[in-house]
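Chain letters run A, B, ... following the sequence lines, proteins first and then strands; every chain starts at 1. All values reported here derive from a predicted model rather than from experimental measurement.
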Amino acid sequence: MLDIRMFRDHADVIRADYDKRGIPHDSIDAVISLDEAWRKSQYDADQLRRKRNEAARGIAAAKKAGDEEAFALIKSEVDSIASEIEKLGVKAEQLQTERDAIRMSVPNILHESVPAGNDEEGNTQHSMHGMKPEFSFDPRTHNELIEMNKWVDLPRAAKVAGSRFYFLKGDLARLDLALQQYAVDFINSKGYTFVQPPAMMNRHAYEGVTDLGDFESVMYNVQPDGLYTIATSEHPLTAMFMDEVIEPSLLPIKMVGVSPCFRREVGAHGQGDKGIWRVHQFTKIEQIIISHPDDSWDFHEELLTNCVELWNNLGLHYEVVNICTGDMGTVAAKKYDLEAWLPGRGEYKEVVSCSNCTDYQANRLRMRYRTPDGNSAVHTLNSTAVATSRALVAIMEQYQLEDGRVQVPECLISRMNGKTHLEPCEW
RNA sequence: GCGGACGUCGCAUAGCCUGGUAUCGCGCCGGAUUUGAAAUCCGGUGGUAAUUUACCGCGGGAGUUCAAAUCUCUCCGUCCGCGCCA
């Protein structure tokens, strides 16, 4: 959510952003006119309240003096004011609710370096990393590899849970755990505090960190308690400081979180989503920074640098993409994706997303820091370090051998008890 | 799950019984003093607005009342004890 002051004082900035995104200005105009009407109603109601309070002050004195006549006089005056206040107050509340409903849908202001474009075709390449692996045979897709090695059991998972769930087995499951530990240790060594968050959140906190549409298409709703399973640890870790005023000396707050992530993936279908590429549950190691507004752009680059180092250490080939206006979504002001090369499929596919949300989440969550002129919204940033299911796919496809086995990336061998190759499961 | 206590500005706390202007302390910010720091002193430190002022605000919601932090109901949360439990 944008600061209401943006609409009052810098509407031209929002308009320029809308032009860049190619959307009409209707919602901006609506917010501005509703805000003006709300301020007027609010002011009028305040003036009436003032009148009432002034009159009511005489009541205590009249009561004490036992002057019933004066009391009755004042009471009738107060009563008539009260009904007017009631009417104006309801009106003001409606206006504010309507204003903020529209304001919630207004997207964040994009950074100037975000390329223009209508969809993912408009994303631009930021950088290329690692060597594209060469094969003396036809590289297999991860779907083929998990099946021939019996590393993933999808039918039985469908039986006990549903489609897009999986049992991860044997050496691949061990690799998943090794990846988690390696990624957590790596980011932790950069000065990020390791945090394990709750895997469920209540509605109120969740509304602060996500689009309303996500409640239908992304999150599982757990009844009868009305909780939502988290789609990423970004959500609890960002909401962790909601409604708080943070001492500036505590900033930046840097965290590395690990959690299971649950996604309903409503509407996701197709051949390209087979296997464990797009699933209802996976584990993700996430970087989170809560920063002073002046520092957030430097930290955005730091998050990307951490990812690049981590993925280079895994020895994988990938590109970094600068997400364009049409592919951005509402929350981020700028976003980089890492897209890993999947030789079996012959495509680069998204494995990491690295965003600066500036004050957009903080405004809704009321996360502020103390300044000499009052409290002001902090900036929030988030970036995947590793989503294990997708990293496993990239490792399997890039490190595969002709016999279907998979080499273990150098940096993970010690966490695999010295194992250098993933061996098939017997069943 | 049962019983009890409690929820007040960043933290901590008074006010609640007996309804009528949000208390004291710590921390933080600014200023004075100082070579610098500490100590000391002064001021500020919830939100909104049309900002010398006004309104709102004491976990959320509702009610009683001219008037609610204060009384009533309800929901949420925390702590303590008991029970259950990886």
Check your understanding: Hey, is NZ on Lys169(A) packed in by over 12 heavy atoms from elsewhere, all under 6.0 Å?
Key -> yes
Point to revise | For G25(B), the Watson-Crick or wobble counterpart (both distances under 3.5 Å) | key: C11(B)
Practice item. For the residue pair Tyr220(A) and Phe262(A), categorise the inter-ring angle as parallel (less than 30°), tilted (30 to 60°) or perpendicular (more than 60°). Key: perpendicular
Revision key, fill the gap. Winner on side-chain proximity to Glu247(A), out of G47(B), C28(B), A54(B), is C28(B)
Practice item. Rounded to whole angstrom, note down the P distance from C6(B) over to U70(B). Key: 15 Å
**Study point:** Over-ring placement of Arg203(A) relative to Phe215(A), 6.0 Å and 45° cut-offs
**Key:** yes
Point to revise | Between G20(B) and C29(B) - C1' atom distance, rounded Å | key: 34 Å
Review point. Can you tell me how far P in G25(B) sits from the matching atom in G57(B), rounded to whole Å?
Key: 26 Å
Exercise for review: Can you figure out which of C56(B), A49(B), A54(B) approaches the side chain of Arg50(A) most closely?
Suggested key: A54(B)
Practice item. May I ask you to check whether over 12 heavy atoms, not counting those of Gln47(A), lie within 6.0 Å of atom CD? Key: yes
Practice item. Would you mind reading off the distance between Arg52(A) atom CZ and A68(B) atom C1', rounded to a whole angstrom? Key: 12 Å
Check your understanding: Under 6.0 Å from the CG atom of Asn118(A), do we count more than 12 heavy atoms belonging to anything else shown?
Key -> no
Check your understanding: In whole Å, what is the span from the CG atom of Asp44(A) to the P atom of A54(B)?
Key -> 18 Å
**Study point:** Nearest-angstrom distance from the residue atom CD1 of Ile85(A) to C1' of A67(B)
**Key:** 12 Å
Check your understanding: Paired with U78(B) by Watson-Crick or G-U wobble geometry, both distances under 3.5 Å: which nucleotide is it?
Key -> A5(B)
Exercise for review: Flag the pair Arg50(A) and Asp46(A) as a salt bridge only when some basic side-chain nitrogen lies within less than 4.0 angstrom of an acidic carboxylate oxygen.
Suggested key: no
**Study point:** P atoms of A67(B) and C56(B), separation to the nearest Å
**Key:** 13 Å
**Study point:** Between C1' of C9(B) and CD of Glu244(A), the distance in whole Å
**Key:** 14 Å
Study note, to complete from the structure: If pairing means Watson-Crick or G-U wobble with both distances under 3.5 Å, then the partner of C71(B) is G63(B)
Check your understanding: What is the nucleic acid contact for Arg370(A), judged by heavy atoms within less than 4.0 Å: base, sugar-phosphate only, or nothing?
Key -> base
Review point. Please give, in whole Å, the distance from G47(B) C1' to Arg5(A) CZ?
Key: 12 Å
Revision key, fill the gap. In whole angstroms, the gap separating C1' of U53(B) from CZ of Arg49(A) amounts to 16 Å
Revision key, fill the gap. For G36(B), the nucleotide meeting Watson-Crick or G-U wobble distances (both under 3.5 Å) is none
Review point. Using atom C1' of each nucleotide, how far apart are G61(B) and U53(B) to the nearest Å?
Key: 32 Å
Practice item. Using the closest heavy atom to pick a nucleotide of RNA chain B for each, name whichever of Ser41(A) or Asn375(A) lands nearer the 5' end. Key: Asn375(A)
Practice item. Can you tell me, in whole Å, how much space there is between the C1' of C2(B) and that of C73(B)? Key: 22 Å
Practice item. Return the 5'-most residue of the pair Asp46(A), Trp38(A) with respect to RNA chain B, ranking by each residue's nearest nucleotide. Key: Trp38(A)
Review point. Separation of Tyr43(A) atom OH from A54(B) atom P, in whole Å?
Key: 12 Å
Check your understanding: Quantified in whole Å, what is the P atom distance between nucleotide C16(B) and nucleotide U33(B)?
Key -> 44 Å
Review point. When the P atoms of A69(B) and C9(B) are considered, how many whole Å apart are they?
Key: 14 Å
Practice item. Send over the distance from Ile246(A) CD1 to G46(B) C1', rounded to a whole Å. Key: 16 Å
Review point. So which nucleotide does U53(B) pair with, by the Watson-Crick or G-U wobble rule with both distances under 3.5 Å?
Key: A49(B)
Check your understanding: For C41(B), what is the paired nucleotide under Watson-Crick or G-U wobble rules, both distances under 3.5 Å?
Key -> G31(B)
Review point. Roughly how far, to the nearest 0.5 Å, is the NZ atom of Lys335(A) from the CG atom of Asn322(A)?
Key: 11.5 Å
